[in-house]
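The next block holds one structure in the form of structure tokens; read it before the comments.
One-based numbering, in listed order, for ligands and for the atoms of each. Because only heavy atoms are used, hydrogens play no part in the values below, and waters and symmetry mates are left out as well, while side chains stay in. Each residue takes its place number in the sequence, starting with 1.
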Amino acid sequence: MTSAETSPRRAPGGFPVVGIIGGGQLARMCQPPAVNLAITLCDLAETPDSAAALVIPSAPVGDYTDVEVVRRFAADCDVVTFDHEHVPADVLAALEADGVVLHPSPSSLVYAQDKLAMRRRLGAIGTPCPRWAAVQDQKELSAFGDEVGWPVVVKTPKGGYDGKGVRVVSSPEEVADWFALVERDRDSGGKLADGLLAEEKVPFSRELALVIARSPSGQASAWPVVETVQTDGICTQVIAPAPDLDPELAAEVTETGLQVAGELGVTGVMAVELFEVPTDGSGSRVVVNELAMRPHNSGHWTIDGAVTSQFEQHLRAVLDLPLGDTRARAPWTVMGNVLGGEHESLYPAYRHLMARDPGLKVHLYGKGVRPGRKIGHVNVSGADLAQLRERAQHAADYLQGVVTE
Ligand code: ADP
């Protein structure tokens with residue numbers, strides 16, 4: 001797999017090589033800060049034209065589930081990190097046994113790979129979570145639903161993304177197909193061998209996220225808490241900071257995130273997705289939905305809106321360098337996700353968008369356009385939040401072909 005053309009070339013003067021497994025858009029967005037810091041990135045790509053392989057010269061193509069492939073890849077790197085959470089446990093264990101420096105470590109990554117493990121661990125450290133249960137069959141789900149009230153949220157603990165492993169159900173029959181997979185996996189030790197995760201349906205008023213970074217020596221930093229606006233289970237906008245968030249609650253969220261990162265020994269960037277839930281009176285509380293241990297969609301605003309972006313911070317953290325300033329550069333930054341839509345070619349849209357809104361920052365990932373696929377994002381920063389939201393929405397809609405002027 002690794003050939004002379006794809007072996008990473010190190011900048012002279014002792015600069016490191018950071019390997020990223022699974023080069024999608026996150027690995028791609030690490031490249032600009034890596035260039036600035038003379039850090040060489042090496043990407044274990046799934047295809048030669050993956051989002052990261054297009055911009056990272058050293059991008060051997062290989063299967064991240066194949067121990068030998070990943071071993072050979074890691075041998076060229078000083079540190080190895082991840083673009084996604086799907087590298088199997090046996091591959092991670094083999095790398096660890098070889099002495100490869102992995103950030104985050106397999107023992108912390110498991111809490112982002114497995115929602116049941118995450119719920120158990122967060123419960124043990126006292127982090128506020130929805131009421132939940134591991135359910136093996138329809139009978140157990142029925143008992144849980146009767147206890148917390150229907151409808152309930154049922155999740156496949158491993159491998160879901162963008163809501164694909166999440167169903168809101170009013171009866172156990174609605175996930176009979178998933179329980180059939182649980183049955184199938186039980187003997188083979190497959191993905192659903194431990195059952196499904198059932199959660200109370202949280203009556204939240206909005207979704208929030210906290211992105212933090214933690215280095216191996218224990219330094220940690222957090223960006224302001226943001227609001228993530230969801231449409232049909234997909235995040236469409238991120239508002240930084242979260243408007244009208246009680247400063248005490250914001251501080252509590254930040255403290256919770258830093259505590260979780262410390263307890264779990266997370267290294268690199270971690271995102272905590274939360275629900276804000278109104279309480280009696282005019283207050284609110286938060287519960288944790290899930291964790292991601294990598295740069296996260298809710299942190300894309302930091303590229304243009306914060307002194308240090310989550311991608312630069314991730315590199316600093318995994319290399320155990322001092323972390324950068326996380327303060328916002330403007331009162332508000334709005335990030336709008338660009339989903340695949342009408343246009344196959346997006347470049348022609350630049351002319352109109354750039355003329356219409358010179359302050360707009362466009363980030364496209366060089367991915368093929370498929371309906372609903374996250375193919376890029378836009379950032380706008382300034383003082384008038386309503387106007388920023390409109391500008392971000394317009395740009396995303398225009399790139400998607402939803403509006404034509
Ligand atoms: P994924 O890992 O696919 O992103 P999530 O666990 O984040 O899945 O769930 C996707 C969406 O489903 C969340 O953003 C939220 O809107 C909704 N959701 C998830 N869990 C709950 C819950 N316990 N109560 C209410 N809504 C939920």
Side-chain angles (χ1 to χ4, degrees), residues 22 24-26 82-87 109-123 127-135 141 144-145 147-170 172 174-175 178 181 191-192 194-211 225-239 242 253 257 260 269-279 284-300 335 337 339 372-374 377:
Q25 65 248 31
L26 301 179
F82 310 94
D83 181 278
H84 58 64
E85 283 126 358
H86 311 308
V87 181
L109 191 61
V110 68
Y111 302 109
Q113 292 178 318
D114 181 344
K115 291 179 184 181
L116 275 172
M118 180 264 297
R119 283 281 174 252
R120 285 192 191 103
R121 187 67 201 270
L122 292 186
T127 306
C129 290
R131 283 180 290 170
W132 66 276
V135 288
L141 178 59
F144 177 76
E147 184 192 324
V148 302
W150 300 91
V152 297
V153 180
V154 184
K155 303 183 179 183
T156 54
K158 295 179 188 165
Y161 66 97
D162 284 349
K164 288 187 173 39
V166 177
R167 277 189 209 163
V168 179
V169 302
S170 298
E174 290 173 46
V175 275
W178 282 358
L181 298 177
K191 265 189 187 170
L192 297 180
D194 296 334
L196 302 175
L197 170 62
E199 293 179 355
E200 67 171 308
K201 186 167 184 291
V202 177
F204 60 83
S205 51
R206 61 175 169 173
E207 298 192 42
L208 303 172
L210 172 76
V211 180
V225 179
V226 300
E227 176 175 342
T228 60
V229 180
Q230 320 277 328
T231 314
D232 300 330
I234 294 183
C235 174
T236 45
Q237 263 192 6
V238 170
I239 307 171
V253 167
V260 168
V269 164
M270 177 181 88
V272 187
E273 297 178 17
L274 309 109
F275 300 129
E276 183 174 4
V277 190
T279 51
S284 56
R285 64 189 176 93
V286 289
V287 292
V288 170
N289 176 26
E290 65 171 340
L291 308 176
M293 289 178 201
R294 50 176 167 73
H296 190 252
N297 193 223
S298 62
H300 289 358
M335 188 283 300
N337 273 323
L339 306 179
R373 185 185 203 198
K374 281 181 190 155
H377 69 271

Report the part of Asn289 (side chain from C-beta onward, or backbone N, CA, C, O) that has a heavy atom under 4.0 Å from ligand 1; answer both or neither where that applies.
side chain

Testing Thr231, Asn297, Thr236, Thr228 one by one against Asn337 for a side chain to side chain donor-acceptor pair (under 3.5 Å), which residue passes?
Asn297

Mind checking what makes side chain to side chain donor-acceptor pair (under 3.5 Å) contact with Ser205, not counting sequence neighbours?
none

Salt bridge check: are Glu174 and Arg167 linked by an N-O gap of less than 4.0 Å?
no

Please report whether ligand 1 has a polar contact with Glu200, defined as an N or O pair separated by less than 3.5 Å (distance criterion only).
yes

Heavy atoms only: which of Lys155, Lys115, Glu199 is nearest to atom 19 (C) of ligand 1?
Lys155

Is it true that Lys158 and Glu85 have a side-chain N and a carboxylate O under 4.0 angstrom from each other?
no

Does Glu276 have any side chain to side chain donor-acceptor pair (under 3.5 Å) partners at least two apart in sequence or in another chain, and if so, which?
Arg206, Ser284

Which option, Glu290, Lys164, Met118, owns the non-hydrogen atom nearest atom 1 (P) of ligand 1?
Glu290

Below 3.5 angstrom, do we get any N/O pair linking Val202 and ligand 1?
yes

Taking 4.0 angstrom as the limit and counting only heavy atoms of Glu273, give me the atoms of ligand 1 inside it, by number and element.
7 (O)

Applying a strict 4.0 Å limit to heavy atoms, is Phe204 in contact with ligand 1?
yes

Is Asp83 reaching over with its side chain to a backbone N or O of Gly24, donor-acceptor style, under 3.5 angstrom?
yes

From Gln230, Lys201, Glu85, Glu207 - option closest to atom 15 (C) of ligand 1 by heavy atom:
Glu207

